[in-house]
Amino acid sequence: MTTGERTNRLMAEEKLPTRAQDFSEWYNQLVIKAQLADYAPVRGCMVVRPYGWALWENIQQALDRRFKATGHQNVAFPMLIPRSFIDKEKSHVEGFSPELAVVTIGGGEELAEPLVIRPTSETIIGHMWSKWIQSYRDLPVLMNQWNSVVRWELRTKLFLRTLEFYWQEGHTAHATREEAEAETRQMLDIYADFAVNDAAIPVIPGRKSDAEKFAGAETTYSIEAMMGDGKALQSGTSHFLGQNFAQAFEVRYLDQTGQLQHCWTTSWGLSTRIIGAIIMVHGDDQGLVLPPKLAPYQAVIVPIFKTDEEKATVIEVARKIKADLAKSEIRVTLDEREGMSPGWKFNDWEMRGVPVRIELGPKDVAKQAAVLARRDRPGREGKISVALGDIVTSVASLLGEIQKSMHDRALAFRQANTHATASKDDLKTAVENGFASAFWCGSPDCEAAIKEETRATMRCIPMDQPADSGPCVYCAKPATSRAIFARAY
RNA sequence: CGGGGCGUAGCGCAGCCUGGUAGCGCGCCUGGUUCGGGACCAGGAGGCCGUUGGUUCAAAUCCAAUCGCCCCGACCA
């Protein structure tokens with residue numbers, strides 16, 4: 001083998017498959033190569049690595065401040081739940097029984113009652129609330145917990161579906177149906193606001209059909225996003241639980257007139273799956289592209305030098321830039337790793353999706369300037385030279401521009417791949433590589449038939465509905481609302 | 001649970017058909033030359049060949065069983 005051939009082959013090995021070649025394999029390799037996560041020794045479990053966890057921490061902060069601003073408090077409930085709790089709410093049991101992990105032995109002894117590892121915490125929270133809530137004066141109860149849960153899934157994929165996953169689950173109890181419904185909708189809005197403004201992911205907030213809703217919910221809402229391959233990903237959910245859990249767990253209060261009433265409850269969750277969405281919405285063939293507001297590093301400085309003297313001056317200026325940016329609350333790192341060429345570092349940080357790269361070499365130092373390269377526009381056209389004196393403001397405004405243009409690009413992509421469809425055939429074509437928006441009469445039979453014939457599921461009935469009406473895409477009976485159909489993760 | 005693929009150095013793989021001293025690339029360590037888009041040379045460390053059992057003078061290689069992982073389909077945030 002000649003040197004040239006060997007070099008080409010090695011470069012090919014380091015590169016990702018393109019998204020067009022094999023989207024699924026592109027995703028799998030990217031998660032590993034960007035060092036977000038790795039496979040754990042147990043099937044279907046993942047280890048979230050420091051870079052992935054830093055991203056999750058930024059997501060947590062963005063959400064947590066929204067939760068606190070709306071009056072929620074964080075709590076911690078235990079991971080182990082008596083098996084009998086799950087059985088108390090009928091549709092909850094039916095939904096979760098197949099995917100429970102159950103502990104039957106503790107301290108070497110068979111347990112009198114098996115314990116399940118929480119698949120979600122409605123039941124144990126309902127149990128505790130029944131002790132804590134007595135009066136209308138105790139309401140509303142507004143809680144949230146950051147934790148992990150276990151669901152024994154058959155087919156897994158890093159971040160999108162693992163046996164154990166990290167999330168937050170919010171749980172609230174209210175005196176009236178109206179108040180609980182308003183809470184459910186409020187949290188849906190918060191998720192949408194976070195997705196759009198922080199993750200730069202345009203989402204469709206909507207209501208789930210009965211077939212797709214949460215086990216035990218009266219109504220489930222979700223935000224749905226389109227991935228880079230046109231498939232849908234449910235990226236956050238908010239459930240109106242009615243009085244189902246309050247009745248199962250006797251969560252009751254005395255109202256102003258002395259009547260004993262069941263509470264109205266809600267729950268809502270957003271998981272590390274959102275990281276999968278960020279990867280699949282924004283990533284390109286070079287690797288990750290992270291939205292500035294959530295990126296662990298918003299900027300990386302790559303120093304360039306040949307001689308020791310050059311190194312000394314370049315590093316000194318680079319450290320100054322780093323300090324200045326950090327002072328302005330910009331998350332920045334300086335890549336001082338030895339033994340890697342600048343070109344290698346460029347590629348490495350592109351793989352990891354850092355929004356802005358600052359290239360600094362002797363030529364730049366001589367001009368008192370630096371080169372800024374934006375990740376969302378690869379190649380030369382994404383590079384500009386800026387004066388060192390302006391670097392903080394330049395980087396800050398560039399980050400803002402990137403954040404906006406990432407969202408706009410994702411929105412344009414979704415719009416280009418969403419089609420209003422009036423016939424079954426149109427719908428079938430549309431879901432090959434995007435979303436279909438179609439009138440639906442509301443019948444579960446039509447929904448099931450569409451799923452059967454097109455492999456697409458109903459993602460949601462968008463909150464935002466045009467005022468028109470038309471024939472159901474399947475049975476042609478009059479329908480007043482449109483639904484989104486798509487293949488989904 | 002069905003279909004497919006794979007377990008050999010940290011990673012990616014070859015070797016297995018046709019049994020006989022375990023190999024290549026990347027990465028890692030040392031030294032030197034390099035460095036503005038994935039550098040190069042020289043030297044070096046690193047392996048119960050997934051596990052168990054069988055056949056054989058001899059097994060990474062043949063036979064059987066078993067475990068695990070990944071990918072594709074039915075359930076799901």
Side-chain angles (χ1 to χ4, degrees), chain A residues 1 3 5-15 22 24-25 27-29 32-33 38-45 94-99 119-120 148-169 191 208 211-215 220 222-225 233-239 267-277 286-287 302-308 310-311 314 337-351 357 359-365 370-371 373 378-380 382-383 385 451-452 455 457 487-489:
Chain A
M1 190 187 293
T3 305
E5 278 166 358
R6 190 169 65 231
T7 306
N8 287 339
R9 214 195 59 191
L10 295 177
M11 283 172 66
E13 274 175 8
E14 284 162 354
K15 275 190 177 157
D22 187 345
S24 177
E25 189 53 25
Y27 177 89
N28 290 336
Q29 289 193 22
I32 302 295
K33 288 185 173 172
D38 203 350
Y39 295 100
V42 176
R43 176 195 75 87
C45 292
E94 288 167 5
F96 281 110
S97 284
E99 51 187 53
T120 179
S148 69
V149 291
V150 169
R151 299 178 186 178
W152 216 262
E153 303 288 352
L154 300 177
R155 236 188 96 206
T156 58
K157 200 174 176 81
L158 294 176
F159 288 118
L160 299 181
R161 197 179 302 103
T162 48
L163 298 199
E164 180 184 16
F165 61 90
Y166 300 87
W167 74 344
Q168 56 68 215
E169 46 176 321
Y191 287 151
K208 286 288 195 183
E212 300 280 335
K213 75 183 184 188
F214 172 74
T220 287
S222 73
I223 51 172
E224 299 285 330
L233 185 74
Q234 177 174 315
S235 306
T237 51
S238 185
H239 313 291
S267 68
W268 26 277
L270 185 144
S271 74
T272 40
R273 172 180 267 192
I274 196 77
I275 293 176
Q286 321 308 318
V302 177
I304 300 158
F305 49 78
K306 289 188 178 68
T307 64
D308 281 351
E310 283 177 352
K311 178 178 176 181
V314 166
R337 287 178 294 178
E338 308 258 353
M340 287 120 163
S341 69
W344 191 93
K345 290 179 178 177
F346 293 173
N347 285 287
D348 188 44
W349 290 110
E350 277 172 7
M351 182 72 79
R357 180 179 66 240
E359 303 173 11
L360 186 76
K363 293 180 218 164
D364 305 298
V365 173
V371 171
R380 285 218 167 274
K383 290 195 187 188
S385 181
K451 182 175 177 182
E452 179 69 27
R455 284 172 53 220
T457 51
R487 304 234 167 107
Y489 280 98

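Every chain is numbered from 1 and lettered A, B, ... according to where its sequence line falls, protein lines coming before strand lines. Basis for what follows: all heavy atoms, side chains included, without hydrogens, waters or symmetry-related copies.
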Does any N or O donor sit under 3.5 Å from an N or O acceptor when you compare the side chain of [X] with the base of [N]?
{"X": "A:D364", "N": "B:G36", "result": "yes"}
{"X": "A:K345", "N": "B:G36", "result": "no"}
{"X": "A:R357", "N": "B:G37", "result": "yes"}

Worksheet entry | Value in whole Å for how far the P atom of B:C71 lies from CZ of A:R43 |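 Taking atom P of B:C71 as the reference, CZ of A:R43 is at 11 Å.
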
Could you tell me how far [M] sits from [N] if I compare only their [atom1] atoms? Round to whole Å.
{"N": "B:C63", "M": "B:C72", "atom1": "P", "result": "30 Å"}
{"N": "B:A59", "M": "B:G3", "atom1": "P", "result": "34 Å"}
{"N": "B:G23", "M": "B:A9", "atom1": "P", "result": "14 Å"}
{"N": "B:C49", "M": "B:U21", "atom1": "P", "result": "15 Å"}

Among [options], the one nearest [X] by side-chain distance:
{"X": "A:N347", "options": "B:C76, B:C72, B:G38", "answer": "B:G38"}
{"X": "A:E99", "options": "B:C76, B:A74, B:G38", "answer": "B:C76"}
{"X": "A:R151", "options": "B:C75, B:C76, B:C71", "answer": "B:C76"}
{"X": "A:P362", "options": "B:C70, B:G36, B:C76", "answer": "B:G36"}
{"X": "A:T162", "options": "B:A39, B:G36, B:A77", "answer": "B:A77"}
{"X": "A:K306", "options": "B:C71, B:G36, B:C35", "answer": "B:C35"}

Discussion item. Any strand counts, and the cut-off is 3.5 Å on both contacts for Watson-Crick or G-U wobble. Which nucleotide pairs with B:C24?
Written reply: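 Result: B:G12.
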
Practice prompt. Searching all strands shown, indicate the nucleotide that pairs with B:C35 (Watson-Crick or G-U wobble; both distances under 3.5 Å).
Written response: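 None - no nucleotide pairs with B:C35, as no candidate has both distances under 3.5 Å.
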
Can you tell me if the side-chain N/O atoms of [X] get under 4.0 Å from OP1 or OP2 in [N]?
{"X": "A:N28", "N": "B:C71", "value": "yes"}
{"X": "A:S341", "N": "B:A39", "value": "yes"}
{"X": "A:R155", "N": "B:C72", "value": "yes"}
{"X": "A:S24", "N": "B:C72", "value": "yes"}

Discussion item. Salt bridge or not between A:E224 and A:K208? Use side-chain N to carboxylate O under 4.0 Å.
Written reply: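 Answer for the salt bridge query: yes.
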
